[in-house]
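Quick notes on the structure that follows.
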Amino acid sequence: MTDTATETVAERIARILCRHKVEFIFAQSLPSAVILAAEAAGIRQIAYRQENMGGAMADGYARISGKVAVVAAQNGPAATLLVPPLAEALKASVPIVALVQDVERDQTDRNAFQDLDQIELFQSCAKWVRRVQVPNRIDDYMDAAFTVAASGRPGPAVLLLPADLLRAEAAPTASPRSKCLGHWPLDRTRPPEDALNEVARLIASAKAPIIVAGGGVHGAGASEELTALQHEASLPVITTNMGKGVVDEFHPLSAGVLGSLTGPRSLGRHSLPLIEEADLVILVGTRTNQNGTDNWRQIPNSATVVHIDVDPIEIGRNYEAIRLVGDAAETISALRMALGRVDLARRHRERARLEERIAAIWSAFERDRRDVTTAASRPIRPERVMAELQSILTPDMTIVADASYSSMWVVGQLRAPGAMRFITPRGLAGLGWGVPLAMGAKVARPQNPVIALVGDGGFAHSWAELETIVRMQLPVITILLNNGILGFQRDAETVKFGRYTTACHFADVDHVQIARACGCPAARVEDPGDLTDLLERSIRAPTPMLIEVMTDPEAHPPLSLFANMDAAA
């Protein structure tokens, strides 16, 4: 790289990225000055086809790698396409630094080509937005962007870079910076001892305590601490959709995902009383959002609520709670120490009975769904697809789902055989993000299998990225559930209005041909008996794979929204 005494701002940015241990940048050659400098510095560009997908790739990478992801884009329409994935990252607490080119400084507000008020554009979907105006402040602003993204509640930070600024000379800094800020969480905070001791006493004396764990546990890397707390204090754990996999779901005190999956044939139909009967609810890293609480109906008014969260604003948003503000891993570790100073005899006496109850819940769930998980019918039931995937599931895999029904099949039908990663876009839940999230996850852990489960509706948003998968040599396995419809749209409209719009049905599409045209191996499955062998061969193969499964359009997950309709069927 150019001598630091004569380097450009773009070259200085590349050097700063290297200081923050950035290995990949999700981009499409723009801003060209930055990408050229980054590649010269050894940073690999993951060249997406469209910015919406590139932002989702960065999201998946950050969730799995424990590093701040970097995505780059041109000004104008490219920048606007970054808004949806950054909004997802903001809601889902995922750290991304977006480097967005802007028009030259003397062209602002003159109707220059692709000029737009990009500060205003990104204000609603980022924690922090700045436009760099002075070359000698680039170190300050770059470090600020990484700090904002990775500290407190993580989220996206946007740095706008005028094109002429990138070509300008960056003078040597008077106070050189040396810290690496590219990991997350950047800070590990914990609550005061008196608050921890109070909660420890409440746990020891509670009749029916329960933990509800959300995606913040994954973000903090707190799975081991939570598992230890579950075991040492004999506490049952249920999770939100985003929290799936924070504990081993075969642990005798794990009751799986609850949320809105409470209809017929659901696990939640049997596990719901665990929280309805609770006198102490311990929330960990969850926003207490609509889907995670089934329209805020599941936490009983009579229960005492304890909320552990790094974001103080989330505590008490929907449920008045005892506040434990802090990083989930640090806070749980401190709480475990506090529990060592109280008598947990009551918790341990209840353990055998509680384990029997949770085992009965899982057994009842298996009985309820056996007809669909073993169905040999055609088109194939999605539950049968999940049963075949379950048979080869291992903790080193990353399972990614698209929004809508794909997420519900994954969180509601698979059972985690250990603490492991499931990625579901539940911040804004945009269709089409399953494939790019999986691509980012594969970049983060190239040695581990990554399987994406998507519907044909969502896949239509992202199938151009099959070419990226092939070109970037990312052997992701994509299971495409092709039922020819927008399932949730049709079913929700039917429940609410008794009819549905003409947009819900698609023309026949041969996705296998699309994949093969991109150089991606592909196969169509119409017999459920062919699934397991194909999945096993795909995992062993060093190439990507698209498995198009022709599925039953009448099947839908057991959401509470459809409970009455299903009960009457």
Side-chain angles (χ1 to χ4, degrees), residues 191 195-217 220 222 225-227 229-244 246-247 249 251 253-262 267-326 328 331-332 334-336 338-339 342 344 346-347 350-351 353-355 357-358 361 560:
L196 293 163
N197 290 333
E198 178 189 3
V199 172
R201 290 191 295 269
L202 287 171
I203 291 172
S205 61
K207 294 180 180 178
I210 191 167
I211 294 173
V212 180
V217 178
E225 289 290 346
L226 181 61
T227 298
L229 175 64
Q230 177 186 36
H231 172 70
E232 292 166 2
S234 299
L235 291 168
V237 175
I238 61 174
T239 75
T240 66
N241 299 319
M242 287 185 64
K244 187 176 180 66
V246 295
V247 292
E249 290 181 328
H251 187 286
L253 289 173
S254 296
V257 175
L258 183 56
S260 57
L261 288 165
T262 58
L267 176 69
R269 187 181 191 183
H270 304 284
S271 63
L272 181 58
L274 286 175
I275 193 167
E276 289 179 330
E277 298 166 12
D279 62 340
L280 178 65
V281 178
I282 304 166
L283 306 170
V284 188
T286 171
R287 297 169 291 155
T288 61
N289 64 344
Q290 183 175 16
N291 291 336
T293 60
D294 198 13
N295 290 288
W296 307 284
R297 294 182 296 198
Q298 290 175 344
I299 296 177
N301 293 329
S302 58
T304 298
V305 177
V306 173
H307 198 160
I308 299 171
D309 206 282
V310 73
D311 185 352
I313 295 175
E314 288 301 330
I315 299 176
R317 179 192 289 271
N318 294 312
Y319 301 96
E320 187 174 43
I322 295 172
R323 303 171 61 84
L324 292 184
V325 180
T331 301
I332 296 172
L335 180 58
R336 288 173 57 212
L339 285 167
V342 299
L344 292 175
R346 183 172 193 168
R347 296 276 59 74
E350 293 292 318
R351 182 164 184 152
R353 180 193 62 78
L354 190 56
E355 288 183 354
R357 184 178 183 184
I358 291 173
I361 287 169
S560 59

For the residue pair Pro300 and Ala278, what are the closest heavy atoms and their distance? CG-O, 3.6 Å

Determine which pairs satisfy side chain to side chain donor-acceptor pair (under 3.5 Å) with at least one residue from residues 316-326, sequence neighbours left out, and list them in order. Thr288-Asn318, Glu314-Arg317

Going by the salt bridge (charged side-chain N to carboxylate O under 4.0 Å, His left out) test, which pairs reach into residues 287-308, not counting sequence neighbours? Asp294-Arg297

So, taking the atom named CG in Leu324 and the one named CD1 in Ile332, what distance separates them when rounded to the nearest 0.5 Å? 10.0 Å

Taking the side chain as every heavy atom from C-beta outward, state whether Val247 and Leu253 have any pair of such atoms under 4.5 Å apart. no

Value rounded to 0.5 Å, distance of OG1 in Thr286 from CG in Asn241: 9.5 Å

If you take all heavy atoms of Leu196 and Pro191, which pair is closest and at what distance? CD1-O, 3.7 Å

Distance-minimising heavy-atom pair for Leu258 and Ser271: CD1-OG, 3.6 Å

Locate the shortest heavy-atom distance separating Leu274 from Ala255; write the atom from each residue and the value. CD1-CB, 3.7 Å

As an exercise, state the distance from CG of Leu235 to CD1 of Ile203, rounded to the nearest 0.5 Å. 5.5 Å

For His251, check side-chain hydrogen bond (donor to acceptor under 3.5 Å, both in side chains) against everything at least two apart and list the hits. none

Residues in salt bridge (Lys or Arg N to Asp or Glu O under 4.0 Å) with Arg351, at least two apart? Glu355

Between CD1 of Ile210 and CG of Leu354, what distance do you get to the nearest 0.5 Å? 8.0 Å

For Gly216 and Ala328, the nearest pair of non-hydrogen atoms, with its separation, is O-CB, 4.2 Å

Would you give the length of the straight line joining atom CD1 of Ile299 to atom CG of Leu283, rounded to the nearest 0.5 angstrom? 4.5 Å

For Ser254, what residues pass the side-chain hydrogen bond (donor to acceptor under 3.5 Å, both in side chains) criterion, not counting sequence neighbours? Gln230

Could you tell me which residues satisfy side-chain hydrogen bond (donor to acceptor under 3.5 Å, both in side chains) with Arg269, sequence neighbours excluded, listed by chain and number? none

Decide yes or no for Ile361 and Leu267: does some side-chain heavy atom of the first lie under 4.5 Å from some side-chain heavy atom of the second? yes

Would you mind reporting whether Val284 and Val237 have side-chain heavy atoms less than 4.5 Å apart? no

Only pairs at least two apart or in different chains count here, so list each side chain to side chain donor-acceptor pair (under 3.5 Å) that has a residue in residues 195-211. Asn197-Arg341

Rounded at 0.5 Å granularity, tell me how far OG1 in Thr240 sits from CG in Asn289. 7.0 Å

Determine whether Glu249 and Val257 make a side-chain contact, defined as any pair of heavy atoms from C-beta on separated by less than 4.5 Å. yes

What salt bridge (charged side-chain N to carboxylate O under 4.0 Å, His left out) pairs are there with at least one residue in residues 276-285, not counting sequence neighbours? Glu277-Arg357

Heavy-atom pair of closest approach, residues Ser560 and Thr262: CB-OG1, 3.3 Å

Summary of side chain to side chain donor-acceptor pair (under 3.5 Å) pairs that have at least one residue in residues 300-313, sequence neighbours excluded: Arg153-Asp311

Can you check whether Gln298 reaches Val212 side chain to side chain, under 4.5 Å on heavy atoms? no

Side chains of Leu202 and Ile322: does their closest heavy-atom pair fall under 4.5 Å? yes

